[in-house]
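Scroll down for the structure; my scribbles are underneath it.
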Amino acid sequence: MATPQSDTPLSPLRTVAVVGLGTMGTGIAEVLAAAGRDVVGIDIGEAQTAKCVAALEASTARAVERGRLTEPQRADLLARVTTSTALSAAADADLVIEVAPESYEIKHQIFRELDGIVRPETILATGTNALSVTRLAADSARPERVLGMHFFNPAPAMKLVEVVSSVLTAPSAVTAVTDLALDLGKEPVAVGDRPGFVADGLLFGYLNQAAAMYEANYASREDIDAAMRLGCGLPMGPLALLDLIGVDTARTVLEAMYAESRDRLHAPAPVLKQLSEAGLTGRKAGRGFYTYEEPGSGTVVADSLTPREDGSATAGRTVRSVGVAGSGTMASGIAEVFAKAGYEVVLAARSEEKAQSARARIGKNLARSVDKGRMTAEAAAQTLERVRPTGTYDDFADVDLAVEAVAEDLEVKRQLFATLDKVCKPGAVLATTTSSLPVVACARATSRPQDVIGMHFFNPAPAMKLVEVVRTVLTADDVHATVREVCDTIRKHAVDCGDRAGFIVNALLFPYLNNAIKMVQEHYASLDDIDAAMKLGGGYPMGPFELLDVVGLDVSLAIEKVLHREFRDPGLAPAPLLEHLVAAGCLGRKTGRGFREYAKR
């Protein structure tokens, strides 16, 4: 919570009415009062206004305990908040922020009544994240004073505020609200009027796809959530986040987005309707995608869908030695992971020189770990000693597990698997690290497709905890069990998924990235604003354009083409801007220019 700033100059918006005192309205009231504003909290029920006051008292008491406020500052803050059950209490407000339920009928009624109550110069802001600001403004007597001011939950903690202009909004109103957001310690992002704006516009499409993935029984809810947390560094998995937001709220936002875009990616997954109509709306109901200890609790409890802890009934094969094929960063990283876990590793490349170079890269990584105190020099030396470089795949003859990490080219991989089929002993497990190609195509290049499986590591392999374990329709049960056991040994979190393009992470990540590119392409928002919105509003460790430049625009385009080809969804077609940049050789950080320019190393 920000410390009250009553001694600092305030913007002209000194008195603010907040209409709707649910969780969001209460949070906004707290933020405003903490920044020295006089706040009038308005709700139709006395019980809700009392609940708001109690919540503010509890929140500010915690702030005192944590040393963020003094007791006098707390008293001043609480004194700046008054409550009422009548809209007429907003008569003297310089700004009214409406955060009523997401219903045009309710919001129109509030705005019509406010027209007869507030002064002509008063700014009216809607906190909607799903409805049209333009439509709400058009029904007002002073549409030029109506705009959107979209806070994120919890309002005291979340830095982002989307300031939404309609074609009717006066620039002076935008400036006043933007200045207020800055005074509140927030980071305002200017956006136009379209459902979801920037952050929710990108976030809810991703959440919807995750719900559809779960509904299709492609992966378990736990694996979908773990994959996105560990594979992308997100604070929450998408299904847990849907439960937090409210399944019904998500459905409302998506319906508004689909009504405008007609993009199938925004058409609400049927499971959202089913859960909503059954009253299983997430944490607030005590049950949604997960089951919770009680309504309002964030503690997940076991239910009939919770995976059993006793694991697979099928025993895996014994794995003592591992062959890693490839000489790039991924191959050397995977070899390092296995060697650290005590496996004897044969690192094979197209030449002895390339294999030695890959081993030297491992040595440098281990030396850095020693310098940082993560391992002893003796352990690093023993780890490197377990890696044997070679320029021939014939040295895979005795390995129990062969993992390929060569170029992401199906013909190259098929040729390699045909070679592994000849040189590896019977019973050896053959794994591909492909992120986008069909595992079964690699399997069919061998005479033993039952021994082939996907093990999709994430880069950098030593640091990233996730491995997507990809079974084909031909993979044997004991091969799957073997890889799961190996993942435990190398201390990676394995998630199961089927053999289809993108698996879990890329199938959810790259449509989101593609939609971000479309926003820039359509001049809806800037690169910087979109990156800021997703980091501040969605908790993403990197904005989409930062991530695209790191991954490589050529790599991103290739994955998006594979997704589009497999799912045949027009919404997955790569954005023309991405294709244009790749054609121009602007591939991201590795070329010094992608969506942004980078200093030469």
Side-chain angles (χ1 to χ4, degrees), residues 206-232 237-239 264-265 269-271 289 305-308 311-314 316 401 403-405 408 410 413-414 417 429-446 448-458 466-488 492-512 558-569 572:
Y206 150 70
L207 296 177
N208 191 41
Q209 286 182 282
M213 181 181 279
Y214 169 74
E215 185 173 23
N217 204 30
Y218 174 68
S220 70
R221 61 192 180 181
E222 288 83 3
D223 279 355
I224 291 171
D225 280 353
M228 298 314 293
R229 283 188 292 104
L230 300 174
C232 295
L239 302 179
R264 276 170 48 194
L265 297 179
V271 68
F289 286 95
L305 299 177
T306 303
R308 292 170 52 181
S312 171
T314 305
L401 167 65
V403 182
E404 71 77 17
E408 192 73 347
L410 185 56
K413 290 185 187 292
R414 283 174 57 85
F417 271 85
V429 174
L430 311 180
T432 172
T433 61
T434 182
S435 63
S436 60
L437 302 174
V439 177
V440 74
C442 297
R444 291 298 301 276
T446 75
R448 39 174 150 173
Q450 71 279 2
D451 292 340
V452 179
I453 195 167
M455 281 186 81
H456 180 213
F457 287 80
F458 288 74
L466 182 68
V467 174
E468 290 177 319
V469 178
V470 188
R471 294 188 68 163
T472 76
V473 292
L474 303 172
T475 304
D477 288 343
D478 66 335
V479 168
H480 174 252
T482 301
V483 169
R484 294 283 308 201
E485 290 169 7
V486 166
C487 286
D488 285 343
K492 299 297 184 186
H493 186 107
V495 296
D496 285 322
C497 52
D499 184 20
R500 74 181 200 191
F503 311 135
I504 296 174
V505 173
N506 286 348
L508 296 178
L509 174 64
F510 280 89
Y512 148 77
I559 292 172
E560 289 179 7
K561 284 181 174 178
V562 169
L563 292 172
H564 185 221
R565 188 163 58 243
E566 173 134 337
F567 295 107
R568 312 286 179 96
D569 188 331
L572 294 175

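Numbering starts at 1 and runs along the sequence shown.
- The only option from C497, S435, C232 that meets the side-chain contact (heavy atoms from CB on, under 4.5 Å) definition with V505 turns out to be C232.
- Side-chain contact between I224 and L508 is present, with at least one heavy-atom pair separated by less than 4.5 Å.
- Going from atom CD of E215 over to atom CG of N217 covers 10.5 Å, rounded to the nearest 0.5 Å.
- Residues passing the salt bridge (charged side-chain N to carboxylate O under 4.0 Å, His left out) test with R264 are D569, sequence neighbours excluded.
- For the residue pair A501 and A507, the shortest heavy atom distance occurs at O-CB, 3.9 Å.
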Verdict with supporting geometry, L430 and T446, side-chain contact (heavy atoms from CB on, under 4.5 Å):
CA-CA 10 Å; L430 311 180; T446 75; 4.3 Å; yes

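- In this structure the side chain of L230 never reaches within 4.5 angstrom of the side chain of F458, judged on heavy atoms.
- When every heavy atom of D225 is checked against every heavy atom of L239, the shortest pair comes out as OD1-N, 2.9 Å.
- V495 places a side-chain heavy atom less than 4.5 Å from the side chain of I504.
- The aromatic rings of Y214 and F289 sit perpendicular to each other, their planes meeting at more than 60°, with 30° as the lower class boundary.
- In this structure, the side chain of T475 does not engage the main chain of Q450 through any donor-acceptor pair within 3.5 Å.
- A distance-only check finds a donor-acceptor pair linking the side chain of N208 to the backbone of A269 [under 3.5 Å].
- The closest side-chain heavy-atom distance from E404 to T433 is below 4.5 Å.
- The pair E566-R500 does not meet the salt-bridge criterion, since no charged nitrogen lies less than 4.0 angstrom from a carboxylate oxygen.
- Contact check for E408 versus T434: side-chain heavy atoms found under the 4.5 Å cut-off.
- Shown here for R471 and D477, the closest heavy-atom pair between the two residues is NH2-OD1, 2.7 Å.
- To the nearest 0.5 Å, atom CG of residue L509 and atom OH of residue Y206 are 9.0 Å apart.
- Between T314 and H480 the shortest side-chain heavy-atom distance does not fall below 4.5 Å.
- The two residues A445 and F417 come nearest to each other via the heavy atoms CB-CB, 4.3 Å.
- Taking CD from E560 and CZ from R565, the interatomic distance works out to 12.5 Å, rounded to the nearest 0.5 Å.
- Within a 6.0 Å sphere centred on CZ of R484, heavy atoms belonging to other residues, nucleotides or ligands number more than 12.
- In this structure, the side chains of V469 and I453 come closer than 4.5 Å at one or more pairs of heavy atoms.
- The minimum heavy-atom distance linking G454 with V439 is given by the pair N-CG1, 3.8 Å.
- In this structure the side chain of L572 reaches within 4.5 angstrom of the side chain of Q209, judged on heavy atoms.
- With sequence neighbours excluded, the residues forming a salt bridge (charged side-chain N to carboxylate O under 4.0 Å, His left out) with D451 are R317, listed by chain and number.
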What do the steps show when you test K561 against S436 for side-chain contact (heavy atoms from CB on, under 4.5 Å), and what is the final call?
CA-CA 10 Å; K561 284 181 174 178; S436 60; over 6 Å; no

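- Here the shortest heavy-atom pairing between A494 and D223 reads O-OD1, 4.2 Å.
- A search for salt bridge (charged side-chain N to carboxylate O under 4.0 Å, His left out) contacts involving R229 returns nothing, not counting sequence neighbours.
- The CG atom of L466 lies 9.5 Å from the CE atom of M228; values are rounded to the nearest 0.5 Å.
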Please step through side-chain contact (heavy atoms from CB on, under 4.5 Å) for the pair T472 and V452, ending with a clear verdict.
CA-CA 8 Å; T472 76; V452 179; 5.8 Å; no

